[in-house]
S.K.: 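Here it is: the structure, laid out below.
Heavy-atom basis, side chains included; hydrogens, waters and symmetry copies ignored.
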Amino acid sequence: MRVWTILVSALLSASVALAQQLDLLGEPKDWTASIDRGGTKMSVQKLDGNLVVEIEADGGEEDFPKIRRTFPTPQDWHPYQRIYAKVRVTCDDPTVKFKNLAFVFYDEQTRLPYYPGNPMKQQVIRRTIPVGRWVVIAEWLTGIHRSTIRLFDLYLYETQPATPHKFRWEVASLVLESFGGETLVFDGLIFARIQMKGAVGKAAEKVETNDGLRLVIGNQGEVTQVSVGGKILGRARQQVPTGLMVRDVTEVDKPPTMVGGEVRQVGREVQQKARLKELGLEVSATYKSVGGYIEVSGKIADLKGEDRSVTLYFALPVVEGKWQWWDSISTARTELDESGELHYLERGVQYGLNGAHSKYPLGVLTLLGQGGLTLAVRMDEPVIHRIAYNPQLSLFYIALDFGLVPEKRIDGSPLWEAPFRILLYRCDPKWGFRSALQRYYDFFPQFFVKRVRKEGGWYVWGNMAETKGAIEAGFAFHWGPRDSAAVKWDNEHGVYALFYIESQTYQQSHQDFERAPTLGEVVERLKKLADGDRKELAVVAATTYRVYPLAHTDEDVQRRIQETAQVVLRSLNHDVYGQPYWWVGQYPWMENRWGAILSCNLAPALPKGKGWFNIHRVILPALEGMEKSGARYDGLALDSLGGYGETVRVNYRREHFRYSRFPLSFSAFDHQPVQVAFFTTVEWLQELSKLLHPKGMIFMANCSWGTTPGWLTFAAPYIDIFGAEHPFFADPDFIRAIAYRKPCTDLPYDPRPEWEVAWHLLHGIFPGYGNDLQILSKYAPLLQQLSEAGWEPITGARVNPTTVRLERFGRGSKIYLVAYNPEEKDVDAIIELELATLKLAKFSVSSLLGEKPTHQQGNRLTLSLPAKGTAVLVIQEGK
């Protein structure tokens, strides 16, 4: 999906003026206009100081119009961290709502040796720009090689539409920016240092956990002091804001403001209340100890009676030092990239500030020999958040993005208020992220309940009885069994039979079309179906696919199609133009004929909406119908959960807001309050969990493809089996962290090499259907043993070289260590056991894959690992 980023175009931040800049705009003679193919015509000129590109598109396939700057002498652009542009596109076709552009960098160091002519790699930053508006783009150059730039392109794409039309691009500004000195970065924004103002008053009140983490709150609302076990990890400074802060994101040139207000002790809690008249906001918060963590909870409310988009911050001062930021269980960093801060963000979404948010529910910062701090949110309270460390300000902070509107939910609660809850706790700096994860699991075991009795791999469609050796290969989850006979076989052989549904989208057949339908034609068909148009109903009913999901009842097919269409019309998510999100294509399941896929809101409170329909008209009737046939579904197969762009979307449809259970956020595109589309899916999963989990049913989700998306952080408590319709999870550290000990399995469809199957042992992930059954049967028993032992985030062992990955399963008298060598060469790995952590004294070591330690001395093991090799060591108490 494309990211939409619009800032108020009339204002440039005062900090931008302080930045060092390299102007790329130049004059028309500096640019060459061309196309890659076709008959599209272009011209470049200067009007009113703007670079103007006129394009007359010939229609049909994309011609790739572009303008290019060529540099005879290689340009060193590495001192610049960000590209800043101000652009506008207009079009003579009123149906065109947006156009796409791309900044493309060509560096001599990126030449591709295996391509004819050894061309330079296209390093691309893409944006989607609405028609008729000035748009400001400010994008970090992280990952762009730019020390020897020879070419720079602006691709100004022709399609859509695929018909002849004229359009114009105006570029008012195009510069590279470098920051430092008088400017600084905070939460991805640039401010002058003098704008960031702190306050230090008198130490007022304190709150402390049962393990010695103490937070002292000053009478200005600042965090006066942070300490762990008596060691001071942070103190407030006059020039640095701390504690709770707020920012109106529509005021692009203004930094966060400290909340301040009244701070007082009430029993064992600290309460803070503030009314910020200038900002038109009210904030109330309570700081309290909940055993091992401090909880900062409260609400932020609008006082203006207007739509508001705000970011709430909680910032901790930390002492100067070489703090480590942890991206995951396997990666810790101290060095900054171009963004100026340390964080682990998922980018490219349509919600939140700059379209970025933290993937994990927690962020971890450690200072070896001093202590470790963790900021977190609860996984059952979806919120758009970013957790980061800012070395320039020595701040460890969390940001929460809220949309506030002057309306009420259907239960009467105000949408102009948003609740928040932030968690702070200590972690062991030696184990960093792993320690923080273990503590999170201990605090919230209800998010990680393992409901399956048997684990294994993913089998799809058909009847498993027809695949000889399927049980031996470890298949345990049957996705969409063909019929009741297949379900009965699963029931008899201890395999989970899962009813298939694609819950978030609606699929509509256009198999009668000889070309791709337009959005207008898709919506027109949907409305006619909902209205009961006999001709349209007959046409769709005669196609092989019809619509999906279709009510799973015994009623007349045309009546079911009509009901489905009515439900979908109520539930469609809308984009910024008030149009449904849609995909159109020739899909294999529609006999490679035309069809459309539309995005739906699953909020359970939406009357007769898609969420209600999925449960009461599709799922429950299907489960009941299978029982009547003498077989039993064990749970649900939730396909494409987050697919078709659902992980990144927002819903502008105002009438839906009052059915939201969770707070609104705001659009990265125009900073307007919106529903985050996946929030409503999480609401639906909660509802489904309350209904079916008590009955012993389980949910498997196909939720990872080329990426493992961050929205799963908030869906994870309700999912029992995590599936990746891909040869592997793109981010296995992340999926294992949020799943904890729940099963994960992938689906390659085609055989994978044996080393890759063995690699799955590292994270305890079961390889799925498509792999060689003989290879699977070799590794399935090992995976079963690891799963039964249970993954442990703290390995209790170190390995050298550090390139070797090490994970632990089990605790007590029997422990498994899985080692994986990612290198293309053999290595001798030295594993050092921390016997106190593992609670071992005397022990023996054996191997489950044949590789044995070549040498054992005390708590040290030497293990030979081949290239891409995996080993499983068993460490047992006693000799």
S.K.: Is the charged tip of Arg68 near the ring of Tyr106: under 6.0 Å from the six-membered ring centre and within 45° of its axis?
M.R.: yes
S.K.: Taking everything shown except Leu112 itself, do over 12 heavy atoms lie less than 6.0 Å from its CG?
M.R.: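 Enclosed: over 12 neighbouring heavy atoms sit under 6.0 Å from CG of Leu112.
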S.K.: Arg82 and Glu139: which non-hydrogen atoms are nearest, and at how many Å?
M.R.: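 Looking at all heavy atoms of both residues, the closest pair is CG-O, 3.1 Å.
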S.K.: Work out which heavy atom in Leu174 is nearest to a heavy atom in Asp23; give both atom names and the distance.
M.R.: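 Leu174 and Asp23 have their closest heavy atoms at O-OD1, 3.3 Å.
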S.K.: To the nearest 0.5 Å, how far apart are CG in Leu395 and CG in Leu365?
M.R.: 11.0 Å
S.K.: Can you see which heavy atom on Leu353 is nearest to which on Arg247, and at what distance?
M.R.: CD1-NH1, 4.2 Å
S.K.: Suppose we screen for side-chain hydrogen bond (donor to acceptor under 3.5 Å, both in side chains). Which residues come up paired with Asp30, at least two apart in sequence or across chains?
M.R.: none
S.K.: Tell me whether Lys197 at atom NZ has more than 12 heavy atoms from other residues, nucleotides or ligands lying less than 6.0 Å away.
M.R.: no
S.K.: For a quick test of reading the model, state the closest non-hydrogen atom pair linking Pro256 to Phe191 and the distance between them.
M.R.: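 Minimum heavy-atom contact is CD-CE1, 4.4 Å.
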S.K.: Using the test salt bridge (Lys or Arg N to Asp or Glu O under 4.0 Å), find all partners of Glu61 that sit at least two apart in sequence or belong to another chain.
M.R.: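 If we apply the salt bridge (Lys or Arg N to Asp or Glu O under 4.0 Å) test to Glu61, skipping adjacent residues, the hits are Arg37.
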S.K.: How about Asn573 and Ser599: does a side-chain donor come under 3.5 Å of a side-chain acceptor?
M.R.: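 Present: a donor and an acceptor within the cut-off.
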S.K.: If the condition is ring-ring contact (aromatic ring centres under 6.0 Å, His included), which residues does Phe105 pass it with, not counting sequence neighbours?
M.R.: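 ring-ring contact (aromatic ring centres under 6.0 Å, His included) check on Phe105 returns Phe152.
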S.K.: Looking only at the side chains, is there a donor atom on one of Ser358 and Tyr344 sitting less than 3.5 Å from an acceptor on the other?
M.R.: no
S.K.: Identify each donor-acceptor pair in which a side-chain atom of residues 307-317 lies under 3.5 Å from a protein atom, sequence neighbours left out, and give them as a table.
M.R.:
unit_1: Asp307; atom_1: OD1; unit_2: Arg654; atom_2: NH2; d: 2.7
unit_1: Asp307; atom_1: OD2; unit_2: Arg654; atom_2: NH1; d: 2.7
unit_1: Asp307; atom_1: OD2; unit_2: Arg654; atom_2: NH2; d: 3.4
unit_1: Arg308; atom_1: NH1; unit_2: Leu279; atom_2: O; d: 3.2
unit_1: Arg308; atom_1: NH1; unit_2: Gly280; atom_2: O; d: 3.1
unit_1: Arg308; atom_1: NH1; unit_2: Asp302; atom_2: OD1; d: 2.8
unit_1: Arg308; atom_1: NH2; unit_2: Asp248; atom_2: OD2; d: 3.2
unit_1: Arg308; atom_1: NH2; unit_2: Leu279; atom_2: O; d: 2.7
unit_1: Ser309; atom_1: OG; unit_2: His671; atom_2: O; d: 2.6
unit_1: Thr311; atom_1: OG1; unit_2: Asp401; atom_2: OD1; d: 2.8
unit_1: Tyr313; atom_1: OH; unit_2: Asp187; atom_2: OD2; d: 2.7

S.K.: Under a 4.5 Å cut-off applied to non-hydrogen side-chain atoms, are Ile83 and Ile137 in contact?
M.R.: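 Side chain of Ile83 against side chain of Ile137, heavy atoms only: no contact under 4.5 Å found.
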S.K.: Let me confirm one number: the CH2-CZ distance from Trp705 to Phe729, rounded to the nearest 0.5 Å.
M.R.: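 Interatomic distance, Trp705 CH2 to Phe729 CZ, rounded to 0.5 Å: 10.5 Å.
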S.K.: Hey, could you give me the CD1/CG distance between Ile67 and Leu154, rounded to the nearest 0.5 Å?
M.R.: 5.0 Å
S.K.: Do any N or O atoms from the side chain of Glu62 and from the backbone of Phe64 form a donor-acceptor pair under 3.5 angstrom?
M.R.: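 Between the backbone of Phe64 and the side chain of Glu62 there is a qualifying donor-acceptor contact (under 3.5 Å).
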S.K.: Locate the shortest heavy-atom distance separating Gly645 from Trp583; write the atom from each residue and the value.
M.R.: N-CZ2, 4.1 Å
S.K.: Indicate, with yes or no, if the rings of Tyr80 and His78 have centres closer together than 6.0 Å.
M.R.: no
S.K.: If I take atom NZ from residue Lys304 and atom CG from residue Leu281, how far apart are they, to the nearest 0.5 angstrom?
M.R.: 7.5 Å
S.K.: Does a side chain donor of either Glu341 or Tyr397 reach within less than 3.5 Å of an acceptor in the other side chain?
M.R.: yes
S.K.: Tell me, with the steps shown, if Asp575 and Lys97 meet salt bridge (charged side-chain N to carboxylate O under 4.0 Å, His left out).
M.R.: CA-CA 11 Å; Asp575 65 17; Lys97 303 298 183 183; over 6 Å; no
S.K.: Give me the one residue out of Lys41, Met42, Glu158 that meets side chain to side chain contact (heavy atoms under 4.5 Å, CB included) with Asp63.
M.R.: Glu158
S.K.: Can you tell me how far the CG atom of Asp327 sits from the CG atom of Asp733, to the nearest 0.5 Å?
M.R.: 10.0 Å
S.K.: Angle class for the Tyr157/Tyr155 ring planes (parallel below 30°, perpendicular above 60°, tilted otherwise)?
M.R.: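 Answer is parallel, since the angle falls under 30°.
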S.K.: Does one side chain, of His145 or Gln109, offer a donor that lies under 3.5 Å from an acceptor on the other?
M.R.: no
S.K.: Trp711 and Tyr351: ring-ring contact (aromatic ring centres under 6.0 Å, His included), yes or no, with the steps?
M.R.: CA-CA 12 Å; Trp711 83 281; Tyr351 41 78; over 10 Å; no
S.K.: Using the salt bridge (Lys or Arg N to Asp or Glu O under 4.0 Å) criterion, which residues pair with Lys99? Sequence neighbours excluded.
M.R.: none
S.K.: Checking side-chain polar atoms at under 3.5 Å, does Thr713 have a donor or acceptor matched by the opposite partner on Lys359?
M.R.: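 The criterion, which ignores hydrogens and geometry beyond distance, is not satisfied for Lys359 and Thr713.
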S.K.: I'd like to know if Arg168 pairs up with Asp92 as an ion pair, taking the criterion as any Lys NZ or Arg NE/NH1/NH2 lying under 4.0 Å from an Asp or Glu carboxylate oxygen.
M.R.: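 No, no charged N to carboxylate O under 4.0 Å.
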S.K.: State, to 0.1 Å, how close His726 and Ser704 come at their nearest heavy-atom pair, and which atoms those are.
M.R.: CB-O, 4.3 Å
S.K.: Among side-chain atoms of Trp326 and Thr366, is any donor-acceptor pair under 3.5 angstrom?
M.R.: yes
S.K.: Restricting to ring-ring contact (aromatic ring centres under 6.0 Å, His included), what partner residues turn up for His385, sequence neighbours left out?
M.R.: Phe714
S.K.: Hey, could you give me the CG/CD1 distance between Leu664 and Ile384, rounded to the nearest 0.5 Å?
M.R.: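 Separation between the atoms: 11.0 Å.
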